[in-house]
Colleague: 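Starting off with a structure, shown below.
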Amino acid sequence: MIRLPAPGHRVVVRYLLPTGQATDALGDLVSVTADEVVVETRRGTVRIVGDTIIAAKEVLPARE
């Protein structure tokens with residue numbers, strides 16, 4: 001699995017949808033397990049299957 005920061009940090013995670021198309025989840029990292037990554041985005045909670053992740057990185061906090 002891609003290396004991720006500790007939960008609580010803001011991240012962008014690029015992953016593959018079942019169609020094979022890539023998409024991003026941008027938000028606060030809630031949890032990381034061997035099977036799943038959970039990101040809280042503006043649109044809600046996104047659960048990402050670990051082996052679909054292409055890339056991930058920590059990003060700056062959101063502007064207020």
Colleague: In Å and rounded to the nearest 0.5 Å, what is the CG to OG1 distance from Leu17 to Thr52?
Modeller: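 Answer rounded to 0.5 Å: 8.5 Å.
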Colleague: What residues form a side chain to side chain donor-acceptor pair (under 3.5 Å) with Thr45, not counting sequence neighbours?
Modeller: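 Partners of Thr45 under the side chain to side chain donor-acceptor pair (under 3.5 Å) test: Glu40.
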Colleague: Flag the pair Asp35 / Val49 as yes when at least one side-chain heavy-atom distance between them is below 4.5 Å, and no otherwise.
Modeller: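 The answer is no, as the side chains (C-beta and beyond) never meet within the 4.5 Å cut-off.
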Colleague: With sequence neighbours left out, which residue pairs that include part of residues 5-32 fulfil the salt bridge (charged side-chain N to carboxylate O under 4.0 Å, His left out) condition?
Modeller: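 Found Arg14-Asp24.
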Colleague: Mind running side-chain contact (heavy atoms from CB on, under 4.5 Å) on Thr23 and Tyr15 for me, showing each step along the way?
Modeller: CA-CA 6 Å; Thr23 191; Tyr15 63 100; 3.4 Å; yes
Colleague: Where is the tightest heavy-atom contact between Ala6 and His9, given as atom of each residue plus distance?
Modeller: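 Shortest heavy-atom contact: O-ND1, 2.9 Å.
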Colleague: With the 4.5 Å side-chain cut-off for hydrophobic clustering, are Leu4 and Val30 part of the same group?
Modeller: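 Cluster IDs for Leu4 and Val30 differ.
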Colleague: Looking at every heavy atom in both Leu16 and Ile54, which two are closest together, and how far apart are they?
Modeller: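 That would be CD2-CD1, 3.4 Å.
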Colleague: Taking only residues two or more places apart in sequence, or in another chain, which ones meet Leu60 in a side chain to side chain contact (heavy atoms under 4.5 Å, CB included)?
Modeller: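 If we apply the side chain to side chain contact (heavy atoms under 4.5 Å, CB included) test to Leu60, skipping adjacent residues, there are no hits.
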Colleague: Side chains of Leu29 and Val37: closer than 4.5 Å at any heavy-atom pair?
Modeller: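 The answer is yes, as the side chains (C-beta and beyond) meet within the 4.5 Å cut-off.
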Colleague: Holding to side chain to side chain contact (heavy atoms under 4.5 Å, CB included), I want the full list of residues that pass it with Thr41, two or more places apart in sequence or in another chain.
Modeller: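 Only Ala25, Val39, Arg43, Val46 meet the side chain to side chain contact (heavy atoms under 4.5 Å, CB included) criterion with Thr41.
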Colleague: Evaluate the criterion side-chain contact (heavy atoms from CB on, under 4.5 Å) for residue pair Val12 and Lys57; output intermediate values, then yes/no.
Modeller: CA-CA 6 Å; Val12 61; Lys57 68 177 183 177; 3.8 Å; yes
Colleague: Evaluate the side-chain proximity of Val38 to Ser31: yes if any heavy-atom separation is below 4.5 Å, no if none is.
Modeller: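 Yes, side chains in contact.
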Colleague: With sequence neighbours left out, what residues match Glu58 under side chain to side chain donor-acceptor pair (under 3.5 Å)?
Modeller: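 Partners of Glu58 by the side chain to side chain donor-acceptor pair (under 3.5 Å) criterion come out as none, since no residue qualifies.
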